[in-house]
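In what follows, a single structure is set out as C-alpha cells and then discussed.
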Amino acid sequence: MREKLISPTEDFSEWYIQVIQRAELADYAPVRGCMVIRPYGYALWENIQQSLDRRFKETGHQNAYFPLFIPYSFIQKESEHVKGFAPQLAIVTHGGGKELEEPLVVRPTSETIIGYMYSQWIRSYRDLPVLINQWCNVVRWELRTRPFLRTMEFLWQEGHTAHATFEEAEEETLKILYIYRDFAQNEAAIPVILGKKSESEKFAGALHTYTMEAMMGNKWALQAATSHNLGQNFAKAFEIRYLDRNNQLQYCWTTSWGLSTRFIGAIVMVHGDEKGLKLPPKLAPIQVIIVPIWKSDEEKEKVLAKIGELKSKLQAFRVKVDDREEYTPGWKFNEWELRGVPLRIEIGPRDVEADQVVLARRDTGEKWTVSTDDLGSKVEEALAKIQANLFQMAKKFLDENTYRLNDYQEFKRIIESDGGFVIAPWCESPQCEEAIKEETKATIRCIPFEQDGQPDRCVYCGKETTLKALFARAF
RNA sequence: CGGGGCGUAGCGCAGCCUGGUUAGCGCGCAGCGUUCGGGACGCUGAGGUCGGAGGUUCAAAUCCUCUCGCCCCGACCA
C-alpha cells in the first residue's frame with residue numbers, strides 16, 4: 001500500500017510537490033531548477049493551449065515563431081528592461097568550440113527580438129496593427145525554483161502587438177486581460193481579480209502592467225497572467241516606426257502579454273484537496289475514468305463487453321478505461337482521485353445485469369446509480385455540474401478570505417495568522433508599499449479595477465486617499 | 001548568494017556516534033496462486049561500485065580532508 005498523501009493543511013508546500021509528482025504531472029530533471037513535464041501534465045497544458053489559442057485567433061491574432069537566441073546587445077537597448085532581466089539571463093558565450101564575437105542571450109522573454117523584427121516589417125499605418133502570438137519556452141536563471149510555479153525554463157505563450165495609437169494599444173492590453181479572465185473562470189474554474197500592478201511590481205520596460213491574480217488553497221496569491229502596455233518604450237529602443245496618413249513618421253505603441261505553465265500550478269493549488277488533484281472538466285486530460293469490477297473471468301468478459309458498448313455513448317468525452325488486472329477497484333478509485341479525474345464510472349456484474357452504472361464525482365465524492373439509457377447526456381450534465389461547482393467553491397473561498405479594512409493592526413493580524421487577501425486604502429507611495437512588504441511580507445498584488453471610490457486613509461501612513469490596493473503574500 | 005537539511009536498491013529509510021561475517025527493512029518491481037463494489041494477501045525471486053576523489057587503518061557505508069549534487073527557508077522573480 002502506498003503512503004497517504006500529506007494533508008494540504010498540514011504542509012501546503014509539501015502537499016503541492018507530492019501531488020505533482022504522484023499525479024505524474026511533472027518530475028524533477030537532472031538539471032537544477034528544471035522539470036520534466038510528463039504526458040499527463042503536458043496533456044493538461046495542451047488543453048490550456050487549445051482553449052487560449054482559440055480565443056486569440058478569434059480576436060485576430062496569428063501565431064509565429066521567433067528565435068531562442070537573442071543578441072546580447074538587444075537586451076541592453078531598453079534601459080528598464082535590461083535592469084529587470086540582467087540578473088536572470090542565461091548567456092551563451094561559446095559555440096562550435098569558439099568564443100562568440102557577441103554573446104547570445106537565451107530568451108527570457110521576446111520583446112527585444114520581436115521589436116527588432118517589427119522595426120523591419122512596419123512601414124505604414126496600413127501595416128498596423130500587428131497581432132502576433134508565439135508558443136515557446138523561455139529561460140530565467142531563478143535562484144529558488146518550484147515545479148510549475150518557478151522553473152528555470154518554462155513554457156508559455158507571449159503575445160506581441162504593435163498599434164498606431166496609445167488608445168489602440170491600451171484597448172488590446174485590456175482585451176487580452178479579459179480573455180485571460182474568461183479562460184481562467186470558464187475553463188479552469190478559477191475566480192480571479194483583475195487590476196493594475198504598482199510601479200514596483202510592473203514589467204521591466206512597461207508603461208503599465210495589468211494582472212490577473214488568483215487565491216491559492218493556502219490563501220496566498222498567484223499572478224496567473226499579465227498583460228503589458230509597453231507604451232513607446234520598445235518602439236523607441238528598436239525604432240518601430242510608421243508613416244501616418246499625413247506622411248508623418250510616428251513611433252508605434254506596443255503591448256505584450258503572457259500566460260505560462262505556472263497556470264498548471266494554479267489549477268493544482270486552487271482546486272486540490274487532501275485526496276489530491278481536482279481538475280476542471282473542461283481542461284482535464286481524462287474527463288471520465290471507467291473502473292470495471294469483476295471476480296471471475298466470465299464476469300470480466302461480460303463487464304468489458306458492456307463497457308465497449310457504453311463507450312460509443314461517450315464519444316463526446318475524453319474517456320479512459322482502467323482495465324488493469326494488477327490493481328483492485330479500491331486502489332484505482334484512489335489513484336484516479338489523486339490524479340483529479342472529474343467523473344468516475346464504476347461498472348460491475350450487478351450493473352451489467354441491471355443495465356446501470358455507478359457515477360462518482362471527484363469534487364463532492366457523491367456516488368449514485370444511473371441507468372445506461374442516455375448515458376451521454378447524464379455524463380454531460382454531471383461534468384457541467386462539477387465544472388460549475390469547482391468555480392463556486394473557489395469563489396466562495398476567495399470571498400470568505402478577502403478582507404476590506406483600513407486598520408494596520410488588523411491588516412497585520414490577518415496576514416500573519418490565517419492569511420488571505422486584504423483590500424486596503426493605499427496612498428500610492430512606494431515607501432508605504434515597501435514598509436508593508438518589509439513588515440508583513442505582503443505585497444501589492446494589484447490595484448483592482450473594482451474600486452468603491454470612497455475617501456479613506458492609507459492603511460500605513462494615514463494619508464487621505466480614495467484608492468484601494470489588494471495586498472497578499474504571494475508565490 | 002546567505003541559513004538549514006540530506007546523499008546507502010526505482011522510492012522512502014535504518015545502519016555511522018563506538019570501524020570488523022555475505023550492508024538491512026518497508027514500499028515498488030518480476031513469476032505463480034488466491035483475491036477484486038473504497039488503497040488485498042501468500043510464497044518465490046531480481047535489484048547495491050553505500051554521491052565522487054583522496055587519506056588513516058590489518059580492515060571504512062562508518063573516522064579525517066576535499067569535492068559534487070539535490071531539497072527546504074530567506075533575498076530576487078511569471
Side-chain angles (χ1 to χ4, degrees), chain A residues 1-6 11-14 16-18 21-22 27-35 83-89 108-109 137-158 180 197 200-204 206 209 211-214 221-228 256-266 275-276 291-297 299-300 303 322-338 344-352 354 356-358 360 365 367 369 437-438 441 443 445 474-475:
Chain A
M1 198 197 304
R2 189 152 62 159
E3 205 181 314
K4 240 187 134 183
L5 189 69
I6 192 169
D11 185 343
F12 193 77
S13 257
E14 179 60 27
Y16 175 75
I17 288 164
Q18 284 190 10
Q21 291 215 327
R22 292 199 193 183
D27 201 357
Y28 288 105
V31 179
R32 183 190 79 80
C34 294
M35 66 171 176
K83 252 194 272 169
F85 282 100
Q88 289 188 275
L89 294 177
T109 177
N137 59 340
V138 288
V139 168
R140 298 180 188 180
W141 213 260
E142 300 291 351
L143 300 174
R144 198 162 122 40
T145 60
R146 232 199 278 244
F148 290 112
L149 298 181
R150 183 166 295 108
T151 46
M152 297 229 300
E153 179 188 8
F154 57 94
L155 306 185
W156 74 347
Q157 57 69 216
E158 50 177 326
Y180 286 145
K197 283 289 182 191
S200 73
E201 298 271 341
K202 76 175 185 188
F203 177 75
T209 290
T211 179
M212 173 168 99
E213 300 285 328
L222 184 78
Q223 179 176 307
T226 47
S227 185
H228 319 289
S256 69
W257 27 273
L259 181 146
S260 75
T261 37
R262 164 181 266 200
F263 199 86
I264 293 175
K275 287 181 164 182
V291 178
I293 295 154
W294 65 72
K295 296 192 211 305
S296 62
D297 280 354
E299 283 179 349
K300 176 186 169 187
V303 168
D322 186 355
D323 56 3
R324 290 177 293 178
E325 304 259 8
E326 63 269 36
Y327 297 107
T328 60
W331 194 93
K332 293 174 184 174
F333 295 167
N334 285 289
E335 173 77 359
W336 292 111
E337 281 166 0
L338 169 67
R344 180 176 71 237
I345 297 181
E346 303 172 15
I347 175 161
R350 294 207 291 265
D351 304 306
V352 175
Q356 63 181 34
V357 296
V358 174
K367 258 170 100 153
T369 303
K437 184 178 171 181
E438 281 289 313
K441 292 184 193 163
T443 53
R445 303 318 307 154
F475 280 96

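All values derive from a computational prediction rather than experimental measurement. Naming convention: chains lettered A, B, ... in sequence-line order (proteins, then strands); numbering from 1 in each chain.
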At under 4.0 Å between heavy atoms, what does [X] touch on the DNA or RNA strands: base, sugar-phosphate, or nothing?
{"X": "A:Q223", "answer": "sugar-phosphate"}
{"X": "A:K367", "answer": "base"}
{"X": "A:T369", "answer": "nothing"}
{"X": "A:E346", "answer": "base"}
{"X": "A:R324", "answer": "nothing"}
{"X": "A:T226", "answer": "nothing"}
{"X": "A:I17", "answer": "sugar-phosphate"}
{"X": "A:V358", "answer": "base"}
{"X": "A:S13", "answer": "sugar-phosphate"}
{"X": "A:E14", "answer": "nothing"}

Between [M] and [N], how far apart are the [atom1] atoms? Round to whole Å, please.
{"N": "B:G19", "M": "B:C71", "atom1": "P", "result": "35 Å"}
{"N": "B:G74", "M": "B:G15", "atom1": "P", "result": "30 Å"}
{"N": "B:G24", "M": "B:A9", "atom1": "C1'", "result": "11 Å"}
{"N": "B:G54", "M": "B:A60", "atom1": "P", "result": "13 Å"}
{"N": "B:U65", "M": "B:A46", "atom1": "C1'", "result": "38 Å"}
{"N": "B:G51", "M": "B:U35", "atom1": "C1'", "result": "42 Å"}
{"N": "B:A23", "M": "B:A61", "atom1": "C1'", "result": "8 Å"}
{"N": "B:U62", "M": "B:A53", "atom1": "P", "result": "12 Å"}

Checklist entry - Can you tell me how far P of B:A78 sits from CD of A:Q157, to the nearest Å? => result 15 Å
Measuring from the side chain of [X] (C-beta onward, heavy atoms only), which nucleotide among [options] has the closest atom?
{"X": "A:S260", "options": "B:G38, B:A78, B:C76", "result": "B:A78"}
{"X": "A:F154", "options": "B:G39, B:C36, B:A78", "result": "B:A78"}
{"X": "A:E335", "options": "B:A78, B:G38, B:G39", "result": "B:G39"}
{"X": "A:R146", "options": "B:G37, B:C73, B:C71", "result": "B:C73"}
{"X": "A:R262", "options": "B:A78, B:G38, B:C76", "result": "B:A78"}
{"X": "A:T151", "options": "B:C72, B:A40, B:A78", "result": "B:A78"}
{"X": "A:F333", "options": "B:G38, B:A78, B:C71", "result": "B:G38"}
{"X": "A:P329", "options": "B:G37, B:A40, B:A78", "result": "B:G37"}
{"X": "A:Y28", "options": "B:G38, B:C71, B:A40", "result": "B:C71"}

Checklist entry - Think A:T211 has a side-chain N or O under 4.0 angstrom from the OP1 or OP2 of B:A78? => result no
Item to check | Short side-chain N/O contact to B:A40 OP1/OP2 from A:T328, under 4.0 Å | outcome: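 Yes, A:T328 has a side-chain N/O under 4.0 Å of OP1/OP2 on B:A40.
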[N] pairs with which nucleotide, Watson-Crick or G-U wobble, both distances below 3.5 Å?
{"N": "B:C1", "answer": "B:G74"}
{"N": "B:G47", "answer": "none"}
{"N": "B:U56", "answer": "none"}
{"N": "B:U21", "answer": "none"}
{"N": "B:C6", "answer": "B:G69"}
{"N": "B:A40", "answer": "B:U34"}

Item to check | Aromatic ring pairing A:F154/A:W156, orientation class (parallel under 30°, perpendicular over 60°, tilted between) | outcome: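 The arrangement is perpendicular - the two ring planes meet at more than 60°.
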Next on the checklist: In terms of relative ring orientation, are A:Y180 and A:W257 parallel, tilted or perpendicular, with 30° and 60° separating the classes?
Outcome noted: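 Rings of A:Y180 and A:W257: perpendicular, as their planes differ by over 60°.
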Please answer whether the main-chain N or O of [Y] pairs with a side-chain N or O of [X] as donor and acceptor at a distance below 3.5 Å.
{"X": "A:K197", "Y": "A:R445", "value": "yes"}
{"X": "A:R262", "Y": "A:L149", "value": "yes"}
{"X": "A:K295", "Y": "A:P349", "value": "no"}

Checklist entry - Measuring from A:D322:CG to A:R344:CZ, what's the distance to the nearest 0.5 Å? => result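 The distance works out to 11.0 Å.
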Item to check | Residue whose closest nucleotide on RNA chain B lies nearer the 5' end, A:Q88 versus A:C34 | outcome: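 This one resolves to A:C34.
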Checklist outcome for this item: Taking for A:A224 and for A:R344 the nucleotide of RNA chain B with the nearest heavy atom, the one nearer the 5' end belongs to A:R344
Checklist entry - Hey, does the side-chain of A:K441 have a donor or acceptor N/O within less than 3.5 Å of a partner on the base of B:G74? => result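 Under the 3.5 Å cut-off, the side chain and the base do not form any donor-acceptor pair.
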Item to check | Minimum heavy-atom distance between A:V138 and A:T109, given as atom pair plus value | outcome: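 For A:V138 versus A:T109, the nearest heavy atoms are CG1-N, 4.0 Å.
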